[in-house]
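Since the structure comes first, as structure tokens, the remarks are kept for the end.
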Amino acid sequence: MLEEERKRLDEIDGQIVELIVKRLKIAEEIAKVKNDNGLSICDTKREEEVLSRLKALAPEEFSGYIATVYRDIFYISKEHQREYIKNVL
């Protein structure tokens with residue numbers, strides 16, 4: 001039973017990695033637009049809007065966890081955008 005559940009988690013983790021990579025590639029495109037238009041990497045208003053929308057999608061008992069995960073994703077995305085602008089653009 002435990003091994004079966006862990007296998008299910010492993011499969012989900014693989015899907016999550018694929019989606020994070022896709023998200024970071026889109027973040028690169030956003031970095032180009034921001035850089036070309038002199039916009040800041042950080043858009044707190046947008047982040048709060050996204051957090052509100054995503055928390056509303058989750059059952060209430062998980063909404064705080066979703067917010068935590070996405071704050072980390074936002075941080076990583078912004079760091080990646082900064083590195084992308086510095087090293088690629």
Side-chain angles (χ1 to χ4, degrees):
M1 178 72 168
L2 180 60
E3 288 305 313
E4 291 172 15
E5 295 304 313
R6 285 180 174 165
K7 184 177 179 183
R8 289 177 59 200
L9 284 178
D10 290 345
E11 290 173 11
I12 291 169
D13 288 340
Q15 294 170 3
I16 291 170
V17 168
E18 288 177 17
L19 292 172
I20 290 171
V21 169
K22 285 181 184 180
R23 193 179 199 290
L24 289 171
K25 289 186 181 290
I26 292 169
E28 291 174 357
E29 296 302 317
I30 291 170
K32 287 179 192 175
V33 172
K34 288 179 177 179
N35 188 61
D36 291 347
N37 292 284
L39 300 173
S40 173
I41 292 296
C42 187
D43 186 345
T44 305
K45 181 180 176 196
R46 166 77 176 147
E47 289 178 21
E48 291 305 318
E49 290 169 354
V50 172
L51 278 178
S52 292
R53 180 177 54 83
L54 295 173
K55 285 169 44 177
L57 293 174
E60 188 174 340
E61 68 265 26
F62 299 122
S63 66
Y65 299 118
I66 295 299
T68 299
V69 167
Y70 270 88
R71 282 187 188 99
D72 287 344
I73 289 172
F74 294 156
Y75 174 80
I76 291 163
S77 180
K78 290 182 286 191
E79 285 300 306
H80 181 62
Q81 287 181 30
R82 285 184 189 95
E83 288 296 314
Y84 186 78
I85 288 170
K86 179 181 172 186
N87 296 321
V88 177
L89 298 182

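- Taking OH of Tyr70 as the start and OG1 of Thr68 as the end, the distance is 13.0 Å to the nearest 0.5 Å.
- In terms of heavy atoms, Ser63 sits closest to Lys55 at O-CG, 3.4 Å.
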Before you tell me yes or no, could you show the steps for Lys25 and Val21 under side-chain contact (heavy atoms from CB on, under 4.5 Å), namely the whole-Å CA-CA distance, both residues' side-chain angles and the distance that decides it to 0.1 Å?
CA-CA 6 Å; Lys25 289 186 181 290; Val21 169; 3.9 Å; yes
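- Residues Ile16 and Asp13 form a side-chain contact, since some pair of their non-hydrogen atoms from C-beta on lies under 4.5 Å apart.
- Residue Glu5 places its CD atom among more than 12 non-hydrogen atoms of other residues, nucleotides or ligands, all under 6.0 Å distant.
- In terms of heavy-atom proximity, Tyr84 sits nearest to Lys32 at OH-CE, 2.9 Å.
- The backbone N or O of Ala31 lies less than 3.5 Å from no partner atom in the side chain of Asn35, so there is not a single donor-acceptor pair.
- By the 4.0 Å N-to-carboxylate-O rule, Glu79 lies close enough to Arg82 to be salt-bridged with it.
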Chi angles and distances behind the side-chain contact (heavy atoms from CB on, under 4.5 Å) call for Ile76, Leu24:
CA-CA 9 Å; Ile76 291 163; Leu24 289 171; 4.3 Å; yes
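- The NE2 atom of His80 lies 11.5 Å from the CZ atom of Arg23; values are rounded to the nearest 0.5 Å.
- Closest approach of Ala27 and Gln81 over heavy atoms only: O-CG, 3.4 Å.
- To the nearest 0.5 Å, atoms CD (Glu49) and CG (Leu51) are separated by 10.5 Å.
- For the pair Arg8 and Glu11, the salt-bridge criterion is not met [side-chain N within less than 4.0 Å of a carboxylate O].
- In this structure, the separation between CZ on Arg6 and CG on Asp10 is 9.0 Å, given to the nearest 0.5 Å.
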Verdict with supporting geometry, Leu57 and Leu54, side-chain contact (heavy atoms from CB on, under 4.5 Å):
CA-CA 5 Å; Leu57 293 174; Leu54 295 173; 3.9 Å; yes
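- The CG atom of Leu89 sits 9.0 Å away from the CD atom of Glu28 when rounded to the nearest 0.5 Å.
- Between Lys45 and Glu48 there is no salt bridge, since no side-chain N of the basic residue sits under 4.0 Å from a carboxylate O of the acidic one.
- At least one side-chain heavy atom of Ile41 sits under 4.5 Å from a side-chain heavy atom of Ile85.
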